[in-house]
Peer 1: 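I have a structure here, written as structure tokens, and I will follow up with some questions on it.
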Amino acid sequence: MFDGYDSCSEESTSSSSSDDSEDEVVPSIPASLPIIKNNGQVYTYPDGKAGMATCEMCGMVGVRDAFYSKTKRFCSVSCSRSYSSNSKKASILARLQGKPPTKKAKVLQKQPLMAKLAAYAQYQASQQNQAKLKAVVAGESFDWGQYIRSSNTVGAPVSCFKHAPMGTCWGGIEVGVRIEVPNSDTNFSTKVYWIAEIIKLAGFKALLRYEGFDSDTSKDFWCNLCMPEVHPVGWCASSGKPLVPPKSIQHKYSNWKTFLVKRLTGAKTLPPNFNDMVQQNMQFPFKKLMRVEVVDKNYLSRTRVALVEQVIGGRLRLVYEESQGGADDFWCHMYSPLIHNIGWSRSIGHRFKRSDITRKLDGQVDAPPQLFQKTKEVDQSGDWFKDGMKLEAIDPLNLSAICVATVRKVLADGYLMIGVDGSEAVDGSDWFCYHGTSPSIFPVGFCEINNIELTPPRGYTKLPFKWFDYLRETGSVAAPVRLFNKEVPNHGFRLGMKLEAVDLMEPRLVCVATVTRIVHRLLRIHFDGWEDEYDQWVDCESPDLYPVGWCQLTGYQLQPPASQSNREMSQSVPKQKKKAQQYKGQKKKRKIPVGRRPFSQAGRRRSSFSGDEEQSPPPYPAQGPARPRPRTHFHLTHKSESLLRMKEETAEVDEFTFSQGTSDQESNGSGSYYIRQEP
């Protein structure tokens with residue numbers, strides 16, 4: 001592991017002749033590993049014959065094989081002699097003043113032209129890399145590391161997101177793990193590495209500290225552990241890469257090899273195949289031009305055929321088959337319950353909009369059924385949901401609300417058509433399809449027992465809302481508690497954890513978010529910088545939640561928190577006249593702040609591991625006056641009205657009996673938030 005690093009003592013005098021310095025004995029190092037020497041330290045170098053070297057006298061960088069002397073410390077005879085002469089001070093002063101070094105002595109003509117060309121090529125490459133880095137910094141306007149440090153918060157662990165890359169194989173990565181990363185605290189013009197320790201984890205991001213700094217935090221930095229330049233300890237030795245201590249502490253220890261052996265013995269590091277694991281996890285089965293069935297965003301109770309246009313980190317940009325120019329699109333994750341294989345609607349009796357296109361175009365293929373998320377098999381022959389049964393459900397058009405709802409139609413394979421009471425269209429076009437085991441539907445009384453505000457039917461005036469009275473007035477029955485999903489996984493989320501979450505009201509956007517409430521498996525997601533009314537209820541296993549650093553890893557554009565000034569500017573924009581729609585429910589409005597919500601065309605685009613992911617999300621409308629957008633998952637325009645609020649009251653004893661439950665924390669039990677009806 002440590003063959004790639006060794007050290008030696010400082011030269012005894014600086015006035016010794018060049019010949020003596022050329023013949024001096026260096027510590028024993030494997031013959032297969034060439035070295036470069038600087039300030040008395042000996043390091044391995046990638047390739048002894050074809051590699052680059054830096055002249056210790058004039059600073060010229062060139063092909064190492066073209067350098068003078070056995071140790072390849074100097075580019076010419078003059079530099080070798082000047083190193084131990086009085087001209088050393090003058091040369092150093094000239095370098096500090098930016099003047100070119102002068103060489104009066106004859107240069108050894110081994111390969112001088114190649115050395116100069118190599119030095120010039122490296123200089124150009126260095127300038128280009130600096131330009132690219134500046135462009136990346138400009139595109140990445142949000143710094144997760146600084147944000148977490150300033151707010152003193154934590155990021156949700158990667159293991160909380162089973163659908164995300166590395167989500168099922170992240171368990172061994174923890175604080176204290178050592179890795180090899182590029183050393184940014186060095187004077188070398190070529191890339192060198194050093195060992196760092198993980199001080200803090202936040203999703204894919206890690207706060208790192210170079211070995212040797214102990215409790216000194218001055219050089220701490222954040223890094224995405226899944227980026228290609230992160231390696232397990234021992235990678236440099238096996239790959240022939242230079243392992244160089246930071247210049248700030250270069251003289252802190254006389255023997256760095258002994259120091260590393262002492263510090264790293266027994267320490268954990270990444271698996272040897274970590275980078276291969278990341279690449280494998282970044283491969284996604286969906287490909288461009290695959291055909292799927294997806295919910296019609298303009299007519300919620302039916303599905304349409306759509307084509308996969310883009311795949312980014314498992315998220316799909318779907319374009320409806322009859323779309324003109326690909327403008328009619330829809331974003332969702334490949335594990336979303338909103339997409340299905342071709343023929344799904346017919347098999348369960350779901351509404352489906354037939355396409356006028358009679359045959360597939362070249363390259364189009366139906367996505368195989370095995371690519372889609374499987375639902376739990378249920379037995380509908382016995383006790384099952386019936387038409388007209390009442391329940392509570394997350395409103396798909398306003399995910400901040402849990403509403404009074406009704407089973408409108410029972411489909412095959414356990415699927416249900418759900419309607420929100422008091423807000424339904426006459427033709428049922430806003431019914432929404434949930435599976436009977438969906439974590440987005442709840443038994444009657446769920447909100448009350450867990451201290452969650454329940455949104456009563458629109459126009460219902462008998463407040464505070466009480467289920468017992470409502471069931472009696474409507475002549476309805478509540479769906480039996482035993483039919484609902486009772487599984488509560490040990491998801492690992494905690495209050496205040498940071499993450500990257502899809503704004504399901506505008507599903508092309510992935511935003512900085514915080515977990516503000518936990519009710520069993522239900523999470524309340526708050527979008528940083530926005531008011532609480534824009535929060536969304538999301539299941540803990542939702543494929544629309546991602547770890548910190550997911551956008552950087554996949555090349556997706558992350559939306560930073562909205563500032564107060566941006567919110568005020570967006571609210572000052574006059575509202576546009578809305579077209580009449582069939583649905584007129586009480587939905588909130590959300591506005592895009594100037595310069596914040598749309599994707600930037602200049603945003604960073606990282607080459608990903610999948611051939612279908614070479615492009616970032618398409619550019620969105622140019623930044624200009626912000627316009628209000630509806631708070632709807634499917635881009636419908638709805639009339640904005642105040643939501644009816646229900647006062648928190650305990651149900652009367654003669655109506656319902658509640659079992660003891662807990663809120664705002666995890667629960668692995670299955671009966672703590674359920675209600676049983678008394679005869």
Peer 1: Hey, is CD on Glu473 packed in by over 12 heavy atoms from elsewhere, all under 6.0 Å?
Peer 2: yes
Peer 1: On a heavy-atom basis, which atom in Ala501 and which in Ala513 lie closest, and how many Å separate them?
Peer 2: CB-CB, 3.8 Å
Peer 1: List the steps, then state whether side-chain contact (heavy atoms from CB on, under 4.5 Å) holds for Val305 with Ile342.
Peer 2: CA-CA 8 Å; Val305 174; Ile342 298 295; 4.1 Å; yes
Peer 1: Using the side-chain contact (heavy atoms from CB on, under 4.5 Å) rule, take Met334 and Leu371 through it: C-alpha gap first, then chi angles, then the decisive distance, then the call.
Peer 2: CA-CA 8 Å; Met334 63 183 183; Leu371 299 187; over 6 Å; no
Peer 1: Within a strict 4.5 Å, meaning less than it, do heavy atoms of the Tyr147 and Pro560 side chains meet?
Peer 2: no
Peer 1: Hey, is Asp328 close enough to Lys297 for a salt bridge, meaning N to O under 4.0 Å?
Peer 2: yes
Peer 1: So do Lys386 and Val407 actually touch side chain to side chain, heavy atoms under 4.5 Å?
Peer 2: no
Peer 1: Got a second to check how far Leu399's CG is from Met505's CE, nearest 0.5 Å?
Peer 2: 3.5 Å
Peer 1: His350 vs His340, test: side-chain contact (heavy atoms from CB on, under 4.5 Å). Steps then yes/no.
Peer 2: CA-CA 12 Å; His350 195 283; His340 309 275; over 6 Å; no
Peer 1: How long is the span from the CG atom in Leu338 to the CG atom in Leu316, to the nearest 0.5 Å?
Peer 2: 11.0 Å
Peer 1: Which heavy atom in Cys540 sits nearest to a heavy atom in Phe493, and how many Å separate them?
Peer 2: O-CE1, 3.5 Å
Peer 1: Please round to the nearest 0.5 Å and tell me the distance separating atom CG of Asp528 and atom OG1 of Thr516.
Peer 2: 9.5 Å
Peer 1: Nearest 0.5 angstrom please: Ile525 CD1 to Leu545 CG, how far?
Peer 2: 5.0 Å
Peer 1: Please collect all side chain to side chain donor-acceptor pair (under 3.5 Å) contacts where either partner lies in residues 405-418, sequence neighbours excluded, each pair once.
Peer 2: Lys390-Thr406, Thr406-Asp421, Arg408-Glu424
Peer 1: Look at atom NZ of Lys376 and say whether more than 12 heavy atoms of other residues, nucleotides or ligands are closer to it than 6.0 Å.
Peer 2: no
Peer 1: Do Phe484 and Phe446 have their ring centres less than 6.0 Å from each other?
Peer 2: no
Peer 1: For the residue pair Val420 and Cys403, what are the closest heavy atoms and their distance?
Peer 2: CG1-CB, 3.7 Å
Peer 1: Compare all side-chain heavy atoms of Trp384 with those of Leu416 and state whether any distance is below 4.5 angstrom.
Peer 2: yes
Peer 1: Applying side chain to side chain donor-acceptor pair (under 3.5 Å) to Arg458 and Ser423, what does each step give before you reach the verdict?
Peer 2: CA-CA 6 Å; Arg458 180 185 179 189; Ser423 302; 5.6 Å; no
Peer 1: May I ask you to test the Ile452-Arg524 pair for a side-chain heavy-atom distance under 4.5 Å?
Peer 2: no
Peer 1: Not counting sequence neighbours, list each pair that qualifies as a salt bridge (Lys or Arg N to Asp or Glu O under 4.0 Å) and has a residue in residues 540-552.
Peer 2: Arg315-Asp544, Arg521-Glu541
Peer 1: Is any side-chain heavy atom of Tyr434 closer than 4.5 Å to a side-chain heavy atom of Pro337?
Peer 2: no
Peer 1: Tell me whether His435 contacts the main-chain N or O of Pro439 through its side chain, where contact means a donor paired with an acceptor under 3.5 Å.
Peer 2: no
Peer 1: Quick one: does Glu392's side chain have a donor or acceptor within less than 3.5 Å of a partner on Cys447's backbone?
Peer 2: yes
Peer 1: If I compare all heavy atoms of Pro489 with all of Glu487, which pair ends up nearest, and what's the gap?
Peer 2: CD-O, 3.8 Å
Peer 1: May I ask you to decide if Tyr299's main-chain N or O and Ser429's side chain share a donor-acceptor pair within less than 3.5 Å?
Peer 2: no
Peer 1: Before accepting this row, confirm whether a basic side-chain N of the pair Arg482/Asp383 lies closer than 4.0 Å to the acidic partner's carboxylate O.
Peer 2: yes
Peer 1: Please report the C-alpha distance between Gln536 and Asp503 in whole Å, then the side-chain angles of each, then the deciding distance to 0.1 Å, and finally whether the side chain to side chain donor-acceptor pair (under 3.5 Å) criterion is met.
Peer 2: CA-CA 8 Å; Gln536 296 177 4; Asp503 179 359; 2.9 Å; yes
Peer 1: Run the side-chain contact (heavy atoms from CB on, under 4.5 Å) test on Ile312 and Trp331 for me, step by step, so that the C-alpha distance in whole Å, both residues' side-chain angles and the decisive distance to 0.1 Å come before the verdict.
Peer 2: CA-CA 10 Å; Ile312 301 181; Trp331 281 90; 4.2 Å; yes
Peer 1: Does the plane of the ring in Tyr546 sit parallel, tilted or perpendicular to the ring in His163? Use 30° and 60° as the thresholds.
Peer 2: perpendicular
Peer 1: Below 30° counts as parallel, above 60° as perpendicular, anything between as tilted: where do the rings of Trp550 and Tyr556 land?
Peer 2: tilted
Peer 1: Between Glu293 and Arg304, is there a side-chain N and carboxylate O pair less than 4.0 Å apart?
Peer 2: no
Peer 1: Given side chains that start at C-beta, do those of Cys433 and Thr303 come closer than 4.5 Å, heavy atoms only?
Peer 2: no
Peer 1: If you take the centroid of each ring, where Trp contributes its six-membered ring, are Phe204 and Trp170 closer together than 6.0 Å?
Peer 2: yes
Peer 1: Nearest heavy-atom pair of Asn341 and Pro369: which atoms, and what distance?
Peer 2: CB-CA, 4.0 Å
Peer 1: Under the 3.5 angstrom rule, does the side chain of Asn485 hit a backbone N or O of Thr437 as a donor-acceptor pair?
Peer 2: yes
Peer 1: With side chains defined as the heavy atoms from C-beta onward, is the minimum distance between Leu300 and Leu397 less than 4.5 Å?
Peer 2: yes
Peer 1: Between the side chain of Gln380 and the main-chain N/O of Gly414, is any donor-acceptor distance below 3.5 Å?
Peer 2: yes
Peer 1: Tell me, with the steps shown, if Trp144 and Glu500 meet side chain to side chain donor-acceptor pair (under 3.5 Å).
Peer 2: CA-CA 10 Å; Trp144 261 119; Glu500 298 176 4; 2.8 Å; yes
Peer 1: Calculate, to the nearest 0.5 Å, the distance between atoms CG and CG belonging to Leu504 and Asn398 respectively.
Peer 2: 12.0 Å
Peer 1: Does the plane of the ring in Trp467 sit parallel, tilted or perpendicular to the ring in Phe465? Use 30° and 60° as the thresholds.
Peer 2: perpendicular
Peer 1: Can you measure from CG (Asp395) to OG (Ser440) and round to the nearest 0.5 angstrom?
Peer 2: 11.0 Å
Peer 1: Any sub-3.5 Å donor-acceptor pair from Asp387's side-chain atoms to Val410's backbone N or O?
Peer 2: yes
Peer 1: With no hydrogens and no angle check, is any side-chain donor or acceptor of Lys287 less than 3.5 Å from a backbone partner on Phe284?
Peer 2: yes
Peer 1: Are Tyr470 and Pro457 packed together at the side-chain level, in the sense that at least one heavy-atom pair is separated by less than 4.5 angstrom?
Peer 2: yes
